[in-house]
Amino acid sequence: MSRDWILHVDLDQFIAAVELLRHPELRGRPVVVGGTGDPTQPRTVAATATYEARAHGVHSGTPLRTALRRCPGAVFLPTDPPAYEAASARVMAVLREFPVRVEVWGWDEAFLGAITDDPETLATDLRDAVRTRTRLECSIGIGDNKHQAKLASGLAKPAGIHRLTTDTWAETMNDRPTDALWGIGAKTSRKLAALGLHTVAQLAAADPAELARHFGPTNGPWYRYLALGKGEAEIVTTPWIARGHSRETTFTDDLTDRDAIARHVADLADQVTQDATAAGREITRVSVKIRFSPFLTRTRQTKLPAPTTDPATVTRTALAVLDRFDLDRPVRLLGVGVDYTMPDP
DNA sequence: TCTGGGGTCCTAGGACCC
DNA sequence: TCTGGGGTCCTAGGACCC
């Protein structure tokens with residue numbers, strides 16, 4: 001019987017896999033990708049690491065200098081976003097050749113909506129086509145909604161196919177910790193544990209009003225909803241409309257000079273405005289982010305009196321927002337972000 | 001582990017208005 | 001006048017995700 005299914009396609013080790021296609025001689029060696037590829041650069045972290053590097057305790061997010069210490073024999077490569085963008089586009093094009101609705105979810109993921117009586121065969125065909133046409137491996141999860149499909153693709157790794165539906169949810173998920181759910185991270189999991197809610201089953205059986213008291217009227221009941229295996233099942237094939245945009249820079253050496261800080265903020269504001277204009281968007285709000293040494297992050301923001309595309313207005317506003325900070329300690333990061341006018345729905 | 005960059009959404013509290 | 005209640009907008013921060 002044909003029915004609607006949600007599939008989640010997750011490219012395995014996407015960035016590392018793209019790099020290994022370009023550098024086949026590195027296959028089987030520990031490879032770490034991040035920053036400019038210079039492992040002595042401080043304040044730079046790995047974007048990804050191959051399984052061989054992971055065996056040495058190097059993961060995505062590991063500082064490169066730590067990676068070098070743990071795995072001196074690793075090959076370090078710079079990140080190359082345009083290359084990943086291009087590889088991602090090739091994969092999405094392959095997916096779109098199938099009779100499915102495709103919702104792109106970042107570089108290395110997509111949700112698919114499909115009507116079929118045999119989702120496993122469809123998934124196998126998709127995986128084989130991606131492999132043949134792009135030489136990239138992917139895992140595919142099958143579910144009744146995005147949440148189930150997303151968790152299923154995680155269970156399918158590497159290069160496998162897994163089905164997780166409402167029928168099998170409880171037996172698969174009930175004994176897992178709450179942070180196994182998509183949308184519950186370390187912080188929330190710890191708070192839930194403090195309430196005696198350690199497993200998915202315990203969260204599913206919790207009182208929604210009690211959860212609302214601790215986590216707010218939306219989040220509290222939503223966590224229980226996740227634990228019951230529910231989730232969004234609508235596939236949106238139209239391109240995502242960004243809510244905003246930002247740029248930020250972490251400095252190798254802290255900034256202390258006020259003029260230098262102001263210059264950087266002005267540069268970021270100008271860049272962000274150019275980005276907005278290139279995207280054909282208007283700016284409604286300007287925010288400035290400062291991370292002070294050692295690691296204290298603060299933001300200030302202001303709504304513009306009217307939407308603008310004018311770099312001078314945005315820069316002037318960003319500098320005025322900057323003036324509201326106490327610049328009383330060294331600065332390790334500066335960022336400027338903007339909100340966009342949203343088109344009428 | 002001395003901790004990137006780019007996003008999204010939610011919450012809480014204050015200002016302001018009726 | 002000696003203090004209510006609700007609605008909306010704005011800001012700062014937090015959590016999560018890739």
Side-chain angles (χ1 to χ4, degrees), chain A residues 8 10-11 13-15 32-37 41-49 56-71 78-79 81 84-85 88 104-111 146-147 150-151 153-154 178-179 181-192 212-223 226 232 240-252 254 268 271-272 275 279 284-305 321 324-325 330 332-340 342:
Chain A
H8 181 254
D10 199 346
L11 291 158
Q13 290 275 288
F14 176 59
I15 292 175
V32 180
V33 185
T36 58
Q41 187 80 5
R43 298 179 177 180
T44 309
V45 302
T48 192
H56 293 263
V58 179
H59 304 274
S60 146
T62 304
L64 291 188
R65 300 213 288 188
T66 305
L68 180 60
R69 202 176 336 118
R70 289 185 184 164
C71 190
T79 50
Y84 313 140
E85 200 92 52
S88 175
V104 177
W105 203 271
W107 278 343
D108 58 348
E109 289 180 47
F111 286 102
K146 288 179 180 171
H147 183 207
K150 166 83 181 174
L151 297 191
S153 71
T178 56
D179 62 3
L181 300 169
W182 188 37
I184 295 186
K187 291 279 175 71
T188 303
S189 186
R190 217 175 303 136
K191 280 197 211 169
L192 288 166
R213 269 217 311 286
H214 284 96
F215 300 98
T218 302
N219 287 338
W222 182 59
Y223 295 153
L226 290 178
E232 177 68 53
W240 176 255
I241 299 170
R243 270 64 177 158
H245 173 64
S246 67
R247 284 187 180 245
E248 60 187 56
T249 308
T250 292
F251 304 103
T252 304
D254 291 340
L268 288 165
Q271 184 63 60
V272 161
D275 296 338
T284 60
R285 170 189 301 278
V286 178
S287 40
V288 174
K289 171 173 166 182
I290 302 184
R291 178 123 70 212
F292 296 101
S293 186
F295 206 76
L296 176 73
T297 308
R298 289 287 176 264
T299 61
R300 296 280 182 275
Q301 53 188 278
T302 199
K303 188 181 189 306
L304 295 169
V321 171
R324 293 171 22 213
F325 284 92
R332 63 175 282 151
L333 171 149
L334 289 172
V336 172
V338 295
D339 284 3
Y340 290 148
M342 290 303 289

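Quick note on labels: first sequence line is chain A, next is B, and so on, each numbered from 1.
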Based on Watson-Crick and G-U pairs with both distances under 3.5 Å, what dot-bracket line describes DNA chain C 5' to 3', crossing pairs as [ ] and inter-strand pairs as |? ....||||||||||||||

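- Residues A:His8 and A:Glu109 bring a donor and an acceptor atom of their side chains to less than 3.5 Å of each other.
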Would you give a per-nucleotide map of nucleotides 12-18 of chain C, 5' to 3', where B means the base has a protein non-hydrogen atom under 4.0 Å away, S means only the sugar-phosphate does, and - means neither? BS-SSSS

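- With a 4.5 Å cut-off on side-chain heavy atoms, A:Trp107 and A:Ile15 count as touching.
- Side chain to side chain, A:Ser293 and A:Asp254 meet the donor-acceptor criterion of an N or O pair below 3.5 Å.
- Taking the centre and axis of the six-membered ring of A:Phe325, the NZ or CZ atom of A:Arg300 falls inside the cone set by 45° and 6.0 Å.
- Seen from the ring of A:Phe215, A:Arg213 does not count as a face-on cation partner, given the 6.0 Å and 45° thresholds.
- Judged purely by distance below 3.5 Å, without hydrogens or angles, the side chains of A:Arg291 and A:Thr297 pair a donor atom with an acceptor atom.
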For every nucleotide of nucleotides 3-10 of chain B, 5' to 3': is a protein heavy atom under 4.0 Å from its base (B), only from its sugar-phosphate (S), or from neither (-)? BBSSSSSS

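- Between the side chains of A:Ser189 and A:Thr178, at least one donor N or O sits under 3.5 Å from an acceptor N or O.
- Proximity of a side-chain donor or acceptor of A:Thr44 to a complementary backbone N or O of A:Pro42 within less than 3.5 Å is detected.
- Using a 4.5 Å cut-off on side-chain heavy atoms (C-beta onward), A:Phe295 and A:Arg332 make contact.
- Applying the 4.0 Å criterion to OP1 and OP2 of B:dC2, one finds that A:Thr66 has a side-chain N or O inside that range.
- A heavy-atom distance below 4.5 Å is found between the side chains of A:Leu226 and A:Leu181.
- Comparing the same atom, C1', in C:dC18 and in B:dC2 gives a spacing of 23 Å after rounding to whole Å.
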